[in-house]
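Order of the sequence lines sets the chain letters (A, B, ...), proteins ahead of strands, with each chain counted from 1. Computed over heavy atoms, backbone and side chain alike; hydrogens, waters and symmetry mates excluded.
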Amino acid sequence: NITGRFDKIIKSLRRQSRLSESNIKDGIREIKLALLEADVNYKVVKEFIQEVEQEAFGEKVIKSVTPVEQFIKVVHDKLIDVMGSHNAELQFKKTGISVILTVGLQGSGKTTTCAKLGYYLKDNKRVLLVGADTYRPAAKDQLRVLAEQCDLGIFTGGDKDNPLKICKQALKYAKEKDYHLVIIDSAGRLQIDDTLMKELVQIKKAVEPDEILFVSDAMAGQNIVDVVSEFDKRLDISGIILTKFDSDTRGGAALSIKRTTGKSIKFIGTGEKVDNFELFHPDRIAGRILG
Amino acid sequence: LFSKKQSEYDFFDEIEETLIMADVGVETSLAIINQFKTYLNDNKIHDPEKLKNYFKQSLLDMIPHVHYELKENQLNILFILGVNGVGKTTSIGKLAHLMKAEGKSVMIAACDTFRAAAVNQITAWGERADVPVVKLEMGSDPGAVLHNALDSAIANKVDLLLVDTAGRLHNKENLMAEIEKLHRIILKKASDSHHETLLVLDAGTGQNAFVQAQTFHKSIKIDGTILTKLDSTSKGGIVIALAHQLKLPVKYVGLGEGIMDLVPFDKEDYVNSLF
Ligand SMILES: Nc1nc2c(ncn2[C@@H]2O[C@H](COP(=O)(O)OP(=O)(O)OP(=O)(O)O)[C@@H](O)[C@H]2O)c(=O)[nH]1
Ligand SMILES: Nc1nc2c(ncn2[C@@H]2O[C@H](COP(=O)(O)OP(=O)(O)OP(=O)(O)O)[C@@H](O)[C@H]2O)c(=O)[nH]1
Ligand SMILES: [Mg+2]
Ligand SMILES: [Mg+2]
């Protein structure tokens, strides 16, 4: 099911009357460029290609009839394998109030995603959205409007309350009002902002989330590796959500994030509306990255 | 100890890695490196010590230097476009403050009537910058807001009108058609104004930033870009790709979330930051 550039690579390699080692080397370089053009991180690509070379030039290929196609197949299968072979489920508590915390860089789609998550899960649980972003102008208004549109609970605390206090009070409020699930929207922040990263660590300690989801733009570039590593190191994130998948980005950030953290991508955002939200399918992204 | 030849190869490998990891993009990085190799051969330059400085200079020569300036005695309009979440609304707040500090009269048109609390957000920025915001409630026609804003800006002899628009993906034809429609209102109603369109790009975006610029430019002539979030650990290499392939200048850079965190683009600072 590989189309586009990979098709071109296969066709050009097939045209060779016999496959020499230099043809394979060209094929490998083409694949490396294809992955880089898809925004997969440079170092991730290097490692990935080295592993593919070892696997493809091992025993299996010598026995195979078409070494080039075998090589492409190894790349494709490895990509799917790396992305995770099944949908990673959200973990909820058996009893008591479950907590999801969304985190990420500025503008990645956290607030919208909180509403989408709530809307996706509301049939089985009573959901409370928590507006813990006290920095961005009208952030709480934004979450409130979305909560009303989706008919979800909303808690935004007092105007002078800090994010930690809002989260603690939200849990109390959720207990009082019989909510099953609390979804916390946090302010966008840089992973190098020590004060704000510490704030997240404090929130984690206070509310003990069942899920800490890193929300990333699907069109993120090379640097996402450094960003998500730091978030993961500080918080031990439980999963990833990729947004703006409805753009025409190749989405190589997905592979970079997965290879860097080992954490699963659980959902993708496919538009601005609350129902533009889907379970992540590894084979779909593999095809898209390979172009 | 490296031989001269080997040092050169290491240099090019190093440059390729630096450029690609800065999000300059594969095509532009390879093109730039090849052009540079030719230049070195033509000029018989092989001293590894000199390579880096020559390369920096070649990047500087490639980047257009265009400052945004208000024209005196006429209405200036900045039409602000970009995909979702890049920093359009925040950049407008910062620009309003910057221009007001230079003694200009500024007005904002809240033409994002779609996204939840978008009008509240730009209104808050207008208050921070102490400039009037022309708006209608969420769900109104953005064209109606623009009409009102242009009427008011012209009547009040405003120096600069900043037009905020809803985030939109460039691959959505109906949303691109909407932006063309808004642009036509400006052309029709304010034909003797000095109007420019700036595309806002996020420094953390990968090579899709280039596709965004190309695609928006097909719909409306883009006069320049605002590159936001350069305070992050991303290098914003799109600057180089835009310069090399599209000759598109960066006019402002966003360096944070505060009202003062916007500066005119400085290409020397930028090239030095890459290395
Ligand atoms: N097309 C598209 N737009 C999206 C998607 N998810 C979010 N958006 C849009 O992206 C923009 C930013 O979304 P927000 O939810 O405000 O992002 P955020 O991470 O909360 O931003 P900060 O709180 O400022 O860090 C908005 O215009 C959203 O409508 C998606 O999956 N597809
Ligand atoms: N660190 C940093 N954050 C920025 C910068 N510019 C904007 N932001 C943040 O990015 C997020 C999104 O900014 P907005 O101004 O809402 O972006 P937008 O393009 O108007 O978003 P939509 O209207 O939803 O498409 C906010 O959290 C801003 O504070 C910048 O230069 N640096
Ligand atoms: Mg938000
Ligand atoms: Mg906006």
Peer 1: Just one of B:Leu198, B:Leu242, B:Val239, B:Leu81 clears the side chain to side chain contact (heavy atoms under 4.5 Å, CB included) bar with B:Thr225, so which one?
Peer 2: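 Answer to the side chain to side chain contact (heavy atoms under 4.5 Å, CB included) test with B:Thr225 among B:Leu198, B:Leu242, B:Val239, B:Leu81: B:Leu242.
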Peer 1: I'd like to know whether B:Phe36 forms a ring-ring contact (aromatic ring centres under 6.0 Å, His included) with B:Phe55, so could you lay out the CA-CA distance, the side-chain angles of the two residues, the decisive distance to 0.1 Å, and finally the verdict.
Peer 2: CA-CA 7 Å; B:Phe36 189 59; B:Phe55 190 72; 5.0 Å; yes
Peer 1: At their closest point, which heavy atom of A:Gly109 faces which heavy atom of A:Val215, and how far apart are they?
Peer 2: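 Looking at all heavy atoms of both residues, the closest pair is C-CG1, 3.9 Å.
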Peer 1: At a heavy-atom separation under 4.5 Å, does B:Ile238 approach chain A through its side chain, its backbone, both, or neither?
Peer 2: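 No part of it gets close to chain A.
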Peer 1: Return the set of residues passing ring-ring contact (aromatic ring centres under 6.0 Å, His included) with B:Phe79 (not counting sequence neighbours), or none when no residue passes.
Peer 2: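 Counting only residues at least two positions away or on another chain, B:Phe79 forms a ring-ring contact (aromatic ring centres under 6.0 Å, His included) with B:His183.
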Peer 1: Please report the shortest heavy-atom distance between B:Val106 and B:Val131, naming the atom on each side.
Peer 2: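 Minimum heavy-atom contact is O-CB, 3.6 Å.
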Peer 1: Checking heavy atoms, do the side chain of A:Leu190, its backbone, both or neither come under 4.5 Å from chain B?
Peer 2: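 Contact with chain B: side chain only.
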Peer 1: Pick from A:Ala220, A:Gly188, A:Ala138, A:Pro137: which one has the most heavy-atom pairs with chain B under 4.5 Å?
Peer 2: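 Of A:Ala220, A:Gly188, A:Ala138, A:Pro137, A:Pro137 has the most heavy-atom pairs under 4.5 Å with chain B.
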Peer 1: What is the minimum heavy-atom distance between B:Ile63 and B:Ala243, and which atoms define it?
Peer 2: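 What the structure gives for the nearest pair is CA-CB, 3.9 Å.
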Peer 1: In Å and rounded to the nearest 0.5 Å, what is the CG to CD1 distance from A:Leu143 to A:Ile184?
Peer 2: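 It comes to 11.5 Å.
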Peer 1: Can you tell me which portion of B:Val86 sits under 4.5 Å from chain A's heavy atoms? Options are side chain, backbone, both or neither.
Peer 2: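 Contact with chain A is absent: no heavy atom of B:Val86 under 4.5 Å.
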Peer 1: Quick one: donor-acceptor pairs under 3.5 angstrom, chain B versus chain A?
Peer 2:
from: B:Glu16; atom 1: OE2; to: A:Tyr42; atom 2: OH; distance (Å): 3.3
from: B:Asp23; atom 1: OD1; to: A:Gln222; atom 2: N; distance (Å): 3.0
from: B:Asn84; atom 1: O; to: A:Lys244; atom 2: NZ; distance (Å): 2.9
from: B:Asn84; atom 1: ND2; to: A:Glu272; atom 2: OE1; distance (Å): 3.1
from: B:Asn84; atom 1: ND2; to: A:Glu272; atom 2: OE2; distance (Å): 3.1
from: B:Asn120; atom 1: ND2; to: A:Asp141; atom 2: OD2; distance (Å): 3.3
from: B:Gln121; atom 1: OE1; to: A:Arg136; atom 2: NH2; distance (Å): 3.4
from: B:His170; atom 1: NE2; to: A:Asp248; atom 2: OD1; distance (Å): 2.8
from: B:His170; atom 1: NE2; to: A:Asp248; atom 2: OD2; distance (Å): 3.3
from: B:Asn171; atom 1: ND2; to: A:Asp246; atom 2: O; distance (Å): 2.8
from: B:Lys172; atom 1: NZ; to: A:Asp246; atom 2: OD2; distance (Å): 2.4
from: B:Gly204; atom 1: O; to: A:Gly221; atom 2: N; distance (Å): 2.8
from: B:Gly206; atom 1: N; to: A:Met219; atom 2: O; distance (Å): 2.8
from: B:Gln207; atom 1: N; to: A:Asp39; atom 2: OD1; distance (Å): 2.9
from: B:Gln207; atom 1: N; to: A:Asp39; atom 2: OD2; distance (Å): 3.1
from: B:Gln207; atom 1: NE2; to: A:Leu36; atom 2: O; distance (Å): 2.8
from: B:Gln207; atom 1: NE2; to: A:Asp39; atom 2: OD1; distance (Å): 2.9
from: B:Asn208; atom 1: ND2; to: A:Asp248; atom 2: OD1; distance (Å): 2.8
from: B:Lys229; atom 1: NZ; to: A:Gln106; atom 2: O; distance (Å): 3.0
from: B:Thr233; atom 1: O; to: A:Asn223; atom 2: ND2; distance (Å): 3.3
from: B:Thr233; atom 1: OG1; to: A:Gln191; atom 2: NE2; distance (Å): 2.9
from: B:Thr233; atom 1: OG1; to: A:Asn223; atom 2: OD1; distance (Å): 2.5
from: B:Glu257; atom 1: OE2; to: A:Gln106; atom 2: NE2; distance (Å): 2.7

Peer 1: Counting heavy-atom pairs under 4.5 Å with chain A, which one of B:Ala124, B:Gly167, B:Gly206 comes out on top?
Peer 2: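 Maximum pair count with chain A is reached by B:Gly206.
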Peer 1: Could you tell me which non-hydrogen atom of B:Tyr252 sits nearest to which non-hydrogen atom of B:Leu98, and how far apart they are?
Peer 2: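 What the structure gives for the nearest pair is CE2-CD1, 4.4 Å.
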